[in-house]
Amino acid sequence: LWANKRFHDILGCKNIKGLDWVSYIDELHRDYFLRELESCSEKLRELKFETKTMDGKDIKFLGFPYRDNNRNFGFLIYLEGV
């Protein structure tokens with residue numbers, strides 16, 4: 001996962017591994033977000049997702065899958081809001 005500076009600032013960390021950062025998204029929307037992220041990765045399409053944070057603030061994700069030679073290398077995620 002590669003992310004913009006805002007993403008890192010909001011989460012308070014420099015290294016983002018795994019999906020622990022998803023806990024920042026409101027619990028009611030997490031499963032849907034993860035399904036959408038997976039679908040975008042599989043179908044090589046842009047992720048556009050608006051939701052709420054755990055503290056009720058609006059947040060927008062924009063992401064782009066990165067794949068080379070049919071191998072999924074990850075996502076570039078841009079975060080705005082909060």
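Sequential numbering from 1 along the given sequence is applied to the chain's residues. Note that the structure is a prediction, hence the values are computed from the model and not measured.
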Rounded to the nearest 0.5 Å, what separates atom [atom1] in [X] from atom [atom2] in [Y]?
X     : Y     : atom1 : atom2 : answer
Thr51 : Ile59 : OG1   : CD1   : 8.0 Å
Ser23 : Arg30 : OG    : CZ    : 5.5 Å
Glu36 : Cys40 : CD    : SG    : 4.0 Å

Could you tell me if the side chain of Glu46 sits less than 4.5 Å from the side chain of Leu62, heavy atoms only?
yes
Sequence neighbours excluded, the answer for ring pair (Phe, Tyr, Trp, His ring centres under 6.0 Å) partners of Tyr32 is Phe49
Do Phe61 and Leu37 pass the side-chain contact (heavy atoms from CB on, under 4.5 Å) test, and can you show the C-alpha distance, the side-chain angles, and the key distance before you say yes or no?
CA-CA 10 Å; Phe61 291 92; Leu37 183 68; over 6 Å; no
Between Glu38 and Lys43, is there a salt bridge with N-O shorter than 4.0 Å?
no
Determine whether [X] and [Y] fall in the same hydrophobic cluster, where Ile, Leu, Val, Met, Phe, Trp and Tyr are linked whenever their side-chain heavy atoms lie under 4.5 Å apart.
X     : Y     : result
Tyr24 : Val22 : yes
Leu79 : Leu34 : yes
Leu76 : Leu44 : no

Output, in order, the C-alpha distance, side-chain angles, deciding distance and verdict of ring pair (Phe, Tyr, Trp, His ring centres under 6.0 Å) for Phe64 and Tyr78.
CA-CA 9 Å; Phe64 305 92; Tyr78 177 84; 8.9 Å; no
Could I get the full list of side-chain contact (heavy atoms from CB on, under 4.5 Å) partners for Asp26, not counting sequence neighbours?
Leu28, His29, Lys52
Over all atoms of both residues, closest heavy-atom pair of Pro65 and Ser41:
CB-CA, 4.1 Å
